[in-house]
Amino acid sequence: MFRRSEPVPFAFVAEADRFRSNVTPPPRERLGTAQIAARSLVGLTVVAGLVGSLLFGMSALQPHQAPAKSQQSEASEGR
């Protein structure tokens, strides 16, 4: 790998992956019961919508059966 001898602008961005901070992030807040129920309800609604659209879509994609009798006018039946 080539090492560039001239200074690179924003070289500190390349060195940022080596930087370790001694400051720990604050702990995550625990979700309340209402938040868990709301997220579950939203997820269930999305899944139900996908399943419903799949069921309606599958029935719409089924090939329609042709009628048993060919479509002719009633006047031509007596001939």
Side-chain angles (χ1 to χ4, degrees):
M1 181 179 230
F2 295 105
R3 185 100 172 141
R4 298 178 73 160
S5 59
E6 70 268 6
V8 179
F10 305 110
F12 62 89
V13 175
E15 296 174 2
D17 58 348
R18 293 184 296 184
F19 178 73
R20 298 252 180 194
S21 176
N22 60 353
V23 178
T24 58
R28 300 181 102 192
E29 291 184 22
R30 292 184 49 98
L31 295 177
T33 307
Q35 289 176 329
I36 293 173
R39 289 184 182 187
S40 300
L41 187 61
V42 168
L44 187 62
T45 303
V46 169
V47 169
L50 291 173
V51 169
S53 65
L54 182 65
L55 288 176
F56 284 122
M58 291 297 286
S59 64
L61 292 175
Q62 296 292 332
H64 296 289
Q65 293 183 358
K69 191 175 182 181
S70 64
Q71 295 181 352
Q72 294 179 354
S73 66
E74 293 181 11
S76 65
E77 285 182 13
R79 293 188 182 192

Going by the rule side-chain contact (heavy atoms from CB on, under 4.5 Å), which residues pair with Val51 if we only count those two or more places apart in sequence or in a different chain?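 Listed in chain order: Val47, Leu55.
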Name every donor-acceptor pair, under 3.5 Å, that has one atom in a side chain of residues 33-40 and the other anywhere in the protein, sequence neighbours excluded.
unit_1: Gln35; atom_1: OE1; unit_2: Gly32; atom_2: N; d: 3.2
unit_1: Ser40; atom_1: OG; unit_2: Ile36; atom_2: O; d: 2.8

Which pairs would a plain distance check flag for residues 56-63, meaning a side-chain donor or acceptor within less than 3.5 Å of a matching protein atom at least two apart in sequence or in another chain?
unit_1: Ser59; atom_1: OG; unit_2: Phe56; atom_2: O; d: 2.9

